[in-house]
Amino acid sequence: MNETVRLFTEDGKRLDGRSFDQMRKVRMEVGVLDKCDGSAYIELGKTKIFAAVYGPKEAHPRHLAQPHRAILNCRYHMATFSVSDRKPAGMTRREIELTKVIKEGLETLIFLEEFPRSAIDVFIEIIQADAGTRTAGITAASLALADAGIPMMDLCAGIAVGKVQGKLVLDPSEEEDKYGEADMPIAIAPRINSIVLLQLNGRLTIDEFKEALSLARRGIESLYELQRKALKNKFAGIEEPEVE
Ligand code: ADP
């Protein structure tokens with residue numbers, strides 16, 4: 001435990017004024033890009049992410065095509081200017097790992113078998129990173145997939161829970177993440193009650209793990225509501241055809 005850095009104020013609040021179970025401000029929008037089939041934008045505090053989807057389309061190169069299902073190509077990528085030390089332009093080990101866990105999570109939700117020999121491409125572009133990028137990234141990706149009309153069992157939303165100086169906190173800030181003892185990013189598809197992504201960096205007791213899970217679930221329920229609103233907003237201006 002890092003005792004030298006103070007991460008709580010004297011009255012027990014977090015340094016940015018949040019309570020332990022409070023997320024940063026979230027903003028979501030769907031259909032924000034013109035050139036792809038589906039897109040979404042998410043802001044979680046200062047973290048800013050675009051997600052874009054192409055497909056289903058013919059799989060290339062052809063030898064990668066699967067006769068009974070679509071393949072999902074996924075890329076989590078941080079823009080060079082997304083962090084304060086200029087990030088190398090290519091894919092780092094961390095980006096390769098996050099690409100893998102996000103892809104495997106999304107694969108459990110998409111009805112890939114409906115599109116044999118096809119490919120679906122998902123791009124997650126981190127414009128500004130300030131903690132929580134993998135969970136906000138998968139949240140935006142599921143919205144962009146829905147925007148592209150790709151059939152899925154459910155949307156998924158993600159948030160991290162951190163352990164900071166012995167206390168569990170929802171949606172750790174970059175500082176809390178850096179000096180905390182544990183970080184557990186989690187994404188859930190709430191309607192089907194399925195865990196889509198779960199990682200744990202650091203150590204939690206079994207009781208802390210259970211508490212972290214229920215803290216995350218509450219955050220994810222409110223993210224899910226915002227996702228549904230963002231999708232409905234896109235179509236708010238379109239009037240239903242009159243039935244004669
Ligand atoms: P997540 O973004 O999902 O929380 P990490 O826990 O690996 O993933 O990273 C936490 C935060 O650390 C990131 O959101 C970002 O703000 C910062 N970070 C990650 N990689 C770098 C990097 N190469 N340079 C500077 N900051 C970074």
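Start at 1 and go down the list; that is how both ligands and their atoms are numbered.
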Legend entry - Within 6.0 Å of NE2 in His60, more than 12 heavy atoms from elsewhere: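 Result for NE2/His60: enclosed.
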Legend entry - Heavy atoms of other groups near Lys57 NZ, more than 12 under 6.0 Å: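 Enclosed: over 12 neighbouring heavy atoms sit under 6.0 Å from NZ of Lys57.
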Option set [options], criterion heavy-atom distance to [atom], minimum:
atom                    : options                       : answer
atom 25 (C) of ligand 1 : Val101, Leu44, Val83          : Val83
atom 14 (O) of ligand 1 : Pro185, Gly132, Pro88, Ala131 : Ala131
atom 2 (O) of ligand 1  : Thr133, Leu98, Asp177         : Thr133

Inset, instruction - Say whether Tyr179 and Arg6, considering side chains only, have a donor N or O and an acceptor N or O under 3.5 Å apart. - result: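 No, Arg6 and Tyr179 have no side-chain donor paired with an acceptor closer than 3.5 Å.
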Which bit of [X] gets closer than 4.0 Å to ligand 1, counting heavy atoms only: side chain, backbone, both or neither?
X      : value
Arg134 : both
Thr135 : neither
Arg94  : side chain

Inset, instruction - Give yes if a backbone or side-chain nitrogen or oxygen of Tyr76 is under 3.5 Å from a nitrogen or oxygen of ligand 1, and no if not. - result: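 No.
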Legend entry - Backbone or side-chain N or O of Asp85 under 3.5 Å from ligand 1 N or O: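 In fact, backbone or side chain, Asp85 has no N or O that close.
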Inset, instruction - Name the orientation class of the two ring planes belonging to Tyr54 and Phe123 (parallel below 30°, tilted from 30 to 60°, perpendicular beyond 60°). - result: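 Geometry flag for Phe123 against Tyr54: perpendicular rings.
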Legend entry - For atom 12 (O) of ligand 1, the protein heavy atom that lies nearest, with its residue and separation: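 Scanning the protein heavy atoms, the shortest distance from atom 12 (O) of ligand 1 goes to Glu174 OE2, 4.0 Å.
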Inset, instruction - Could you check atom 23 (N) of ligand 1 against the protein and tell me its nearest heavy-atom contact, residue, atom and distance included? - result: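 For atom 23 (N) of ligand 1, the nearest protein heavy atom comes out as Lys87 CG, 4.4 Å.
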Inset, instruction - Using the ring of Phe8 (Phe, Tyr or Trp, six-membered ring only), decide whether Lys167 places NZ or CZ under 6.0 Å from its centre and within 45 degrees of its axis. - result: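 Output yes; distance and angle both within limits.
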Legend entry - Side chain Asp154, main chain Arg191, donor-acceptor under 3.5 Å: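 Such a contact is found between Asp154 side chain and Arg191 backbone.
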Legend entry - Heavy-atom closest contact (Tyr224 atom, Leu155 atom, distance):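 Taking every non-hydrogen atom into account, CE1-CB, 3.8 Å.
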Inset, instruction - Determine whether Glu125 and Arg75 make a side-chain contact, defined as any pair of heavy atoms from C-beta on separated by less than 4.5 Å. - result: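 Of all side-chain heavy-atom pairs linking Arg75 with Glu125, at least one is under 4.5 Å.
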Inset, instruction - Using a strict cut-off of 4.0 Å, indicate which atoms of ligand 1 neighbour a heavy atom of Asp183. - result: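 Matching atoms, with element in brackets: 6 (O).
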